[in-house]
Chemist: 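Structure provided below as structure tokens; questions to follow.
Computed over heavy atoms, backbone and side chain alike; hydrogens, waters and symmetry mates excluded. Reminder, nothing fancy here: chain letters follow the sequence lines and each chain counts from 1.
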Protein chains: 2
Amino acid sequence: MTVTDDWIDRIPDVGEELERSSTAERVADKLRALVIDGALAPGTRLSEEKIRQKFKVSRNTLREAFRLLGHERLLVHEFNRGVFVAKPTLADVVDLYRVRRPLELSAVRGAAHAPQAAVRAVGAAVEEGERAESRGDWWGIGTANMHFHEAIGRLSGSPRIDEVMHQLLAELRLVFHAMAAPREFHAPYLGENREIYDSLAAGAFDEAADRLAEYFDAAERQLVEAFSGGRGVTTR
Amino acid sequence: MTVTDDWIDRIPDVGEELERSSTAERVADKLRALVIDGALAPGTRLSEEKIRQKFKVSRNTLREAFRLLGHERLLVHEFNRGVFVAKPTLADVVDLYRVRRPLELSAVRGAAHAPQAAVRAVGAAVEEGERAESRGDWWGIGTANMHFHEAIGRLSGSPRIDEVMHQLLAELRLVFHAMAAPREFHAPYLGENREIYDSLAAGAFDEAADRLAEYFDAAERQLVEAFSGGRGVTTR
DNA sequence: TATTGGAGTATTGTTCAACAACTCGGCGAC
DNA sequence: GTCGCCGAGTTGTTGAACAATACTCCAATA
């Protein structure tokens, strides 16, 4: 009411930042980390009672957390039987790539409209991977690879695509746990990631997309092979 | 044991069919229908106590249902404040199309690999829309349009894409409730849907995709307009 | 020997009641 | 007109209870 009053409009929308989290969400976060890091092997049954004791929350809250992770497909809820760590099948692997392909490719092809910061984030993920390799951190290479593809998805500037990508990649980590030799999987793609990024940074979007498409073909083929040959076809 | 024992392998995988559903899921189904049909206007607050009385379930079960619908983005859960029927903003509309575009277009472009039944389902949705129009059922036209695009998504043969599409379209119904004149929105596109299908059925996949792309541009433009001009920019 | 049936146990599904933590609106002090 | 406080109402979380279902083991049977 005094002199100017429109400064309020210039404050950059703090919005959701100060979200407090519910207990269920925090429990879900912990559980998610355990699943993704492989501490809980695919197929493991999560007993309500035992987990409840570990986390010291009520059964109801725990069940809410289970629901959350179920929606992310990291856990599967079988009625009256309990929740299990998801155990991706060959069909799941193929399906994951069926979703990633159109989303990531279109993100790259339309990257002309993406902000510079988003492109740079892709580069940062590439470097993260290279650093991890130089210190022999194979799990770090995998993480960096996830970040790389997450950054690519972010090029499209869509929160919903971000979320879908995030979920898909979390599921993919499960796939790695379920397959035969996860250690050597990511390293070969470090070079390709850099090439994709270089094309991208140079504005050669279609070229980057073509390279990415090749990556998809190769990676999917390798995964399918690991599943069929490796260590028994996750019978399920 | 006796003569032949492999008949068991020939039984066509009854699998998931006989899934029993939890109470929470049934409640979620009812609520979803209410939201989609517009019985609950966007922005409405859903009091736990009142809904609980209506549905005669416990508060815990109800909260589980809320969580489910929250994940579908039909409800938004504000911590310590309650759940509200989602109120899509202009940004949401744009985002929805950002996701639909790559998914549906790639589904159509790759429809050569889709089974005939999937293509026929697209045609069935077209006819469903034409029937609805002939009897002046404008809401039915909208439903048929949803089915049309859901069928298109199904061309890609990916369960995950199916699920994403289903959610996106449910959200889109919310958009219609939030905008100015939903009645007249769908009818103009009936003709285009048929053309897209005809191209598809004729095996002209790229042509079908191009038509679909035009549809996206037009529909998004119209929706954005309805949001900006119509009845105040859903301030939020 | 292999299969079926059933009792008992463990686990999940759902409800209920209680209390803590928080939001919202109003009222009074300044 | 702003600030702070109080109280009513709602949500968040817990714990206990009971019903419904699945799992295990053992005996009966063919």
Side-chain angles (χ1 to χ4, degrees), chain A residues 1-5 7-8 14-31 40 43-71 75-87 236, chain B residues 1-8 14-31 40 43-71 74-87 236:
Chain A
M1 296 314 151
T2 62
V3 199
T4 50
D5 198 31
W7 57 269
I8 188 65
V14 66
E16 333 289 300
E17 316 306 333
L18 45 94
E19 265 179 36
R20 279 138 314 160
S21 56
S22 72
T23 329
E25 279 164 21
R26 284 193 303 272
V27 172
D29 288 343
K30 294 263 186 206
L31 279 175
L40 299 169
T44 310
R45 170 152 172 278
L46 302 182
S47 151
E48 289 189 353
E49 184 53 24
K50 288 181 185 164
I51 309 265
R52 191 191 69 77
Q53 289 174 10
K54 274 283 183 219
F55 284 81
K56 289 172 179 149
V57 295
S58 93
R59 241 178 101 217
N60 287 322
T61 307
L62 181 60
R63 285 168 64 88
E64 265 196 41
F66 281 166
R67 280 273 200 241
L68 292 177
L69 295 172
H71 247 285
L75 303 182
V76 294
H77 185 152
E78 299 188 18
F79 197 82
N80 270 324
R81 296 198 356 103
V83 299
F84 303 79
V85 179
K87 197 172 182 175
R236 158 46 165 163
Chain B
M1 303 298 143
T2 62
V3 200
T4 51
D5 198 31
D6 57 343
W7 57 269
I8 189 66
V14 64
E16 333 289 303
E17 316 306 332
L18 41 95
E19 266 179 35
R20 280 140 313 163
S21 58
S22 71
T23 329
E25 279 164 21
R26 285 193 302 270
V27 172
D29 288 343
K30 293 262 186 209
L31 278 174
L40 298 168
T44 309
R45 171 153 171 279
L46 303 182
S47 154
E48 290 189 354
E49 185 51 25
K50 288 181 185 163
I51 309 267
R52 192 190 68 76
Q53 288 174 11
K54 275 282 182 219
F55 284 81
K56 290 174 180 146
V57 294
S58 94
R59 241 177 103 217
N60 288 326
T61 307
L62 181 60
R63 285 167 65 88
E64 266 196 40
F66 282 167
R67 276 286 205 278
L68 293 177
L69 295 173
H71 251 286
L74 293 182
L75 304 182
V76 293
H77 184 152
E78 299 188 17
F79 196 83
N80 269 326
R81 293 192 7 97
V83 298
F84 303 79
V85 179
K87 199 171 181 175
R236 154 58 161 169

Chemist: Atom CZ of B:Arg63 and atom C1' of D:dT14: how far apart are they, to the nearest Å?
Modeler: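 To the nearest whole Å, that distance equals 12 Å.
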Chemist: Looking at every non-hydrogen atom in both residues, tell me the closest pair between A:Val85 and A:Leu75 and how far apart they are.
Modeler: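 Heavy-atom minimum between the residues: CA-CD2, 3.9 Å.
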Chemist: How long is the line joining CD1 of A:Ile51 and C1' of C:dT12, in whole Å?
Modeler: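 The answer, rounded to whole Å, is 14 Å.
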Chemist: Which residues pass the side-chain hydrogen bond (donor to acceptor under 3.5 Å, both in side chains) test with B:Thr44, not counting sequence neighbours?
Modeler: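 side-chain hydrogen bond (donor to acceptor under 3.5 Å, both in side chains) check on B:Thr44 returns nothing, list empty.
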Chemist: Side chains of B:His71 and A:Leu68: does their closest heavy-atom pair fall under 4.5 Å?
Modeler: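 Yes, side chains in contact.
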Chemist: So do B:Thr61 and B:Phe55 actually touch side chain to side chain, heavy atoms under 4.5 Å?
Modeler: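 They are not in side-chain contact.
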Chemist: Taking atom P of C:dT15 as reference, at what distance in whole Å does atom CD of B:Gln53 sit?
Modeler: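 Going from CD in B:Gln53 over to P in C:dT15 covers 14 Å.
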Chemist: Can you name the side-chain hydrogen bond (donor to acceptor under 3.5 Å, both in side chains) partners of B:Arg45, sequence neighbours left out?
Modeler: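 In terms of side-chain hydrogen bond (donor to acceptor under 3.5 Å, both in side chains), with neighbours along the sequence ignored, B:Arg45 is linked to no residue.
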Chemist: When you check the phosphate oxygens OP1 and OP2 of D:dT14, does a side-chain N or O of A:Thr61 lie under 4.0 Å from one of them?
Modeler: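 The answer is yes; a side-chain N or O of A:Thr61 sits under 4.0 Å from OP1 or OP2.
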Chemist: Shorter than 3.5 Å, N or O on both sides, protein versus nucleotides 7-11 of chain C: list them out with atom names.
Modeler:
from   : atom 1 : to      : atom 2 : distance (Å)
C:dT11 : O3'    : A:Arg45 : NH2    : 2.4

Chemist: Report the residues that fulfil salt bridge (Lys or Arg N to Asp or Glu O under 4.0 Å) with A:Glu49, sequence neighbours left out, ordered by chain and then residue number.
Modeler: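 A:Glu49 satisfies salt bridge (Lys or Arg N to Asp or Glu O under 4.0 Å) with A:Arg52 only.
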Chemist: Would you say D:dG12 has OP1 or OP2 under 4.0 Å from some side-chain N or O of B:His77?
Modeler: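 It does, given that an N or O in the side chain of B:His77 lies less than 4.0 Å from OP1 or OP2 of D:dG12.
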Chemist: In this structure, how many angstroms lie between the P atom of D:dT11 and the CZ atom of B:Phe66, rounded?
Modeler: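 Checked: the CZ to P distance equals 8 Å.
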Chemist: With sequence neighbours excluded, what pairs up with B:Arg26 under the side-chain hydrogen bond (donor to acceptor under 3.5 Å, both in side chains) test?
Modeler: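 Once residues adjacent in sequence are excluded, the partners of B:Arg26 under the side-chain hydrogen bond (donor to acceptor under 3.5 Å, both in side chains) criterion are B:Ser21.
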Chemist: Nearest whole Å is fine: how far is C:dT14 P from A:Phe79 CZ?
Modeler: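 Atom CZ in A:Phe79 sits about 5 Å away from atom P in C:dT14.
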Chemist: Between the protein and nucleotides 17-19 of chain C, are there any N/O to N/O pairs under 3.5 Å, and if so, what are the atom names and distances?
Modeler:
from   : atom 1 : to      : atom 2 : distance (Å)
C:dA18 : N6     : B:Arg59 : NH1    : 3.4

Chemist: Under the rule for side-chain contact (heavy atoms from CB on, under 4.5 Å), what residues qualify as partners of B:Val83, not counting sequence neighbours?
Modeler: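 B:Val83 satisfies side-chain contact (heavy atoms from CB on, under 4.5 Å) with B:Leu46, B:Phe66, B:His77 once adjacent residues are dropped.
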Chemist: Could you work out, with side-chain contact (heavy atoms from CB on, under 4.5 Å) as the rule, every residue matching B:Ala65, not counting sequence neighbours?
Modeler: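 Counting only residues at least two positions away or on another chain, B:Ala65 forms a side-chain contact (heavy atoms from CB on, under 4.5 Å) with B:Val27, B:Ala28.
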Chemist: Measure the distance from NZ on B:Lys56 to P on C:dT15 and round it to the nearest whole Å.
Modeler: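 It is 13 Å, rounded to the nearest whole Å.
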Chemist: Roughly, in whole Å, what's the span from CD in A:Glu78 to P in C:dT12?
Modeler: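 In whole Å, C:dT12 P lies 12 Å from A:Glu78 CD.
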Chemist: What is the distance, to the nearest angstrom, from the CZ atom on A:Arg67 to the P atom on D:dT13?
Modeler: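 It works out to 17 Å between those atoms.
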